[in-house]
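Quick caveat, the model's predicted, so the values are computed rather than measured.
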Amino acid sequence: MGTERLGVWRAAQRFAPGLRLVRTYPRRWLRADVLSALTLSAMLIPQGLAYAQIVGVRPAAGLYAGIFAMLAYALFGASRHLILGPEAGAAILTATALGHVVSGSDPIRYASLAALLALMVGVLSLVGGLVKAGGLADFLSKPILLGYLNGAALIIIGSQLARLFGLERKSNTFPGQVWEVGSNLQRMHLPTLLLGLGVILALVLLRRFLPRVPGPLVLVVLTTAGAALFQLRQGGIQVVGTISAQPPSLALPALGFNDIRSLLPAAFSLALVNYASSVLLGRIYADKQRYPYDPNQEFFGQAAANLVTAFTQGFPVTGSDSRTAVNFSMGGRSQLVSVLSAAAVLIFALFLTPLLENLPMVTLGGIVIVAAVYLMDFGSIAAMWRVRRVEAILALVTMLGVVGLGILQGILIAVALALGDLIRRAAHPHDAVLGEREGVPGYYDIERHEGAETVPGLIIYRFDAPLFFANVRHLREQARALVAGARAPVKWFLVDTAAVFDLDVTAAEGLEHLRVELEEQGVVLAITQAKAPLRELLRRTGLMDRIGPENVHPTVGEAVRRFLSTEVGATGQPPEGAPSSPPAVH
C-alpha cells in the first residue's frame with residue numbers, strides 16, 4: 001500500500017474505528033464472536049418487538065432499528081463490546097415525548113415523529129462529537145444515573161402492568177398506571193395474568209440457574225407454540241397477530257418547525273442520557289479488556305446509529321446494558337459480534353416473522369418487566385448512604401422525580417440539585433487549622449488529631465479548594481474568627497494553599513481586603529505551598545508585591561522557621577510554648 005493510500009486509510013480508521021478489524025482481526029476471536037452474536041440476536045428479536053410496542057410503532061420497527069444501529073455502531077463506535085439498539089429506557093422516554101406531541105391514533109404521523117426524534121438525537125450527538133463535548137457526561141454523576149435507571153425501570157414496569165392483567169392501558173404516568181390497574185382488578189383477565197406471571201417466573205429462574213440460555217427467546221418460542229396449539233386467542237389472550245415484515249424504505253423524516261420545537265427538549269435529554277450511560281458502559285468493558293477507549297468517539301457512534309435508524313423509519317436507539325453484559329459474558333471480543341447479530345436478525349425479519357403471529361402480548365410484557373427489574377440497583381444507593389448520604393438522597397430524588405414528574409423533569413431537577421450541591425461545597429470547602437504533635441513530625445488538623453497544638457502567635461490555616469468568587473468570603477470570615485478567638489495574640493496568619501490551583505479576580509480582591517484587615521491588627525498575612533500557577537496569578541494580580549515575596553514560603557516548615565526566627569529577632573526569645581526547632585513536614 002502506497003504512502004498516500006496508507007495515510008488515507010489511517011485517517012479513515014480514526015473516523016471509523018471499526019475499519020481496523022479489516023486488517024487486524026485475530027482469527028482466534030471468531031468462535032467466541034459467533035456464539036455471542038447468535039445469543040444476542042436471540043435476545044434482540046423479542047426485546048426489539050417489545051420495545052417497539054413501548055414506543056408505539058409497528059413491532060418490526062424494533063427489529064430493523066436494532067439491525068441498522070448495530071451495523072452503524074460497529075463502524076463508528078468507540079467500544080468493542082457495546083451493543084446498540086432499542087432499549088427500555090430510551091423507548092419509554094421516546095414514548096413519553098411523543099405522547100405530548102401526537103396521538104397514537106395516527107400511526108403514520110406517530111412513526112414519522114419517532115424517526116424525526118431519532119434524527120434530532122443523531123444530529124445533536126454529531127455536533128457533540130465535532131465540538132469535542134465528551135466532558136458533558138461528567139455532569140451526570142453516578143447518583144443521577146442510578147436514580148434515573150431505577151425511576152425508568154419503575155416507569156417501564158408501570159407501562160406493562162395493564163398488559164399483565166389483561167386490561168387496556170390509558171394513563172401515561174406511573175402513578176396513573178398503578179391506580180388504573182388497582183381500581184380495575186375486578187375486570188382483570190385471569191388467564192392472561194397467570195400466563196404473564198408464569199413467563200416472569202420462568203425468566204427469573206432461567207436467569208438464575210441457566211444464565212447462558214437465551215431466556216426471552218425460549219419463552220417466545222414456548223408461549224407462541226402453546227398459544228397456537230391451545231388456541232389461546234379464542235380464550236381472550238391477546239396475541240401479536242400479523243407482523244408487517246416489509247423492510248423500511250430510505251426516507252428523510254418529515255421536518256416541521258413546530259414538531260422540532262416540541263421534541264427538542266426530549267432530543268437533548270436523550271442525546272445526553274444515551275451518551276452518558278453508553279460512555280460509562282464503554283469505559284467499564286474497555287478497562288476490563290485493557291484496550292483504548294475514546295469518549296469523544298462515542299458521540300460519533302451514537303450519532304451514526306441514530307441517523308441511520310432515522311432514515312430507515314426507526315426510533316431513537318442507545319447502548320443496551322443487558323445485551324452488552326451478555327456479549328461480554330459470552331466472550332465477545334470485537335465489533336464483529338454486532339455485524340453477525342445484525343445479519344441473523346435481518347434473516348429473521350425478512351423470512352421468519354410469520355412464526356410470531358401467535359405470540360401472546362403478555363409474553364412481551366413479561367420480558368420487559370423482567371428486564372426492568374434487573375435494571376434496578378437499590379444496593380448501590382444503600383452503599384452510597386453509608387458513604388455519603390447527600391449523594392444517596394440525590395439518587396432517590398432523581399428516582400422520585402422521574403417516576404412522579406416524568407423522565408425529562410426528573411433529570412433536570414436532579415442536575416439542578418447536583419449543581420446546587422457542587423456550589424454549596426465549593427462555597428464552603430473543607431479547611432483546617434494545623435498544629436504540631438509532640439514527638440511526631442509534621443503538621444496536622446488540630447480537630448482530627450488528638451494532642452495537636454498550634455504554634456503560639458501563628459495560625460496555620462489550610463484551604464482545600466480553588467479560590468474564587470463563591471468561597472473567598474468564607475475564607476475571610478474564617479480568618480477573622482480564628483484571629484479573634486485565638487488564646488494568644490496572633491502575629492502571623494499563614495494560609496496553606498497546597499490545594500489552591502486557581503484564583504479569580506474576585507478572590508484576589510478578597511485576599512487583598514483580608515491582608516489590609518490583618519495588617520490593621522498587626523497581623524502578617526503569609527502564604528505557603530503555592531504552586532506555580534497560583535504564584536503566577538499572585539504576580540499578575542499584584543498580590544505578590546502587596547503581600548511581600550518574603551511572606552510567600554515554599555513549605556509549611558520553612559514558613560514556621562521564618563516565623564520563629566522573626567519572633568526571636570524581635571523579642572530575643574521564641575514564643576512561649578514554641579519548639580526550639582520546627583518538625584519536618586510530611
Side-chain angles (χ1 to χ4, degrees), residues 51 54-56 87-104 113-114 117 120-121 124 136-137 139-162 169-183 259 261-277 315-316 318 321 368-369 371-373 375-378 380-381 384-385 389-424:
Y51 297 148
I54 291 178
V55 173
E87 186 60 12
I92 195 66
L93 185 54
T94 299
T96 302
L98 296 179
H100 294 306
V101 179
V102 64
S103 169
L113 287 178
L117 184 57
M120 294 170 67
V121 170
L124 289 172
L136 282 177
F139 286 96
L140 286 178
S141 61
K142 185 176 180 179
I144 293 177
L145 286 174
L146 276 175
Y148 159 72
L149 285 175
N150 284 301
L154 289 173
I155 289 178
I156 293 166
I157 292 170
S159 70
Q160 300 301 308
L161 283 178
R169 179 172 70 97
K170 297 180 180 179
S171 175
N172 288 321
T173 67
F174 178 79
Q177 290 158 356
V178 173
W179 173 257
E180 199 171 60
V181 171
S183 60
D259 293 333
R261 183 181 61 185
S262 300
L263 293 175
L264 193 58
F268 268 112
S269 296
L270 270 168
L272 185 57
V273 173
N274 287 359
Y275 173 77
S277 58
F315 52 87
T318 186
D321 291 352
V368 172
I369 288 174
V373 168
L375 272 179
M376 293 181 178
D377 186 2
F378 289 104
S380 294
I381 296 178
M384 281 183 185
W385 183 266
R389 293 187 176 183
V390 170
E391 297 199 32
I393 292 172
L394 180 59
L396 291 173
V397 168
T398 305
M399 182 185 73
L400 294 175
V402 166
V403 170
L405 302 175
I407 291 178
L408 298 179
Q409 297 87 338
I411 291 175
L412 292 176
I413 290 173
V415 170
L417 289 174
L419 291 176
D421 180 56
L422 177 64
I423 293 171
R424 179 190 63 81

Checklist entry - Stepwise, does the side-chain contact (heavy atoms from CB on, under 4.5 Å) test hold for L400 with L405? => result CA-CA 8 Å; L400 294 175; L405 302 175; over 6 Å; no
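When all heavy atoms are compared, the tightest approach of A97 to A266 is CB-CB, 3.3 Å. Listed here is the closest heavy atom pair of P316 and A90: O-CB, 4.4 Å. Summarising the geometry of G151 relative to M399, their closest heavy-atom pair is N-CG, 3.6 Å, with the distance given to 0.1 Å. When all heavy atoms of M120 and A267 are compared, the closest pair comes out as CB-CB, 3.8 Å. Closest of all the heavy-atom pairs between L117 and L263 is CD1-O, 3.9 Å.
Rounded to the nearest 0.5 Å, atoms OG1 (T318) and CG (L93) are 10.5 Å apart. One finds the CG atom of L154 at 5.0 Å from the CZ atom of F174 (value rounded to the nearest 0.5 Å). Atoms CG and CD1, from L394 and I413 in turn, are 11.5 Å apart once rounded to the nearest 0.5 Å. Atoms CG and CD1, from L161 and I369 in turn, are 6.0 Å apart once rounded to the nearest 0.5 Å. Atom OG1 of T94 and atom OH of Y51 lie 13.0 Å apart (nearest 0.5 Å). In this structure, the separation between CD1 on I381 and CD1 on I393 is 11.5 Å, given to the nearest 0.5 Å.
Counting only heavy atoms from C-beta outward, the side chains of Q160 and I54 approach each other to under 4.5 Å. Using a 4.5 Å heavy-atom cutoff, the side chains of I157 and Q177 are not in contact.
Looking at N150, its side chain does come within 3.5 Å of a backbone N or O of D377 through a donor-acceptor pair.
Applying the side-chain contact (heavy atoms from CB on, under 4.5 Å) rule to A271 yields the partners V121, L124, S125; only residues at least two apart in sequence or on another chain are considered. Under the side-chain hydrogen bond (donor to acceptor under 3.5 Å, both in side chains) criterion, E391 pairs with R388, sequence neighbours left out.
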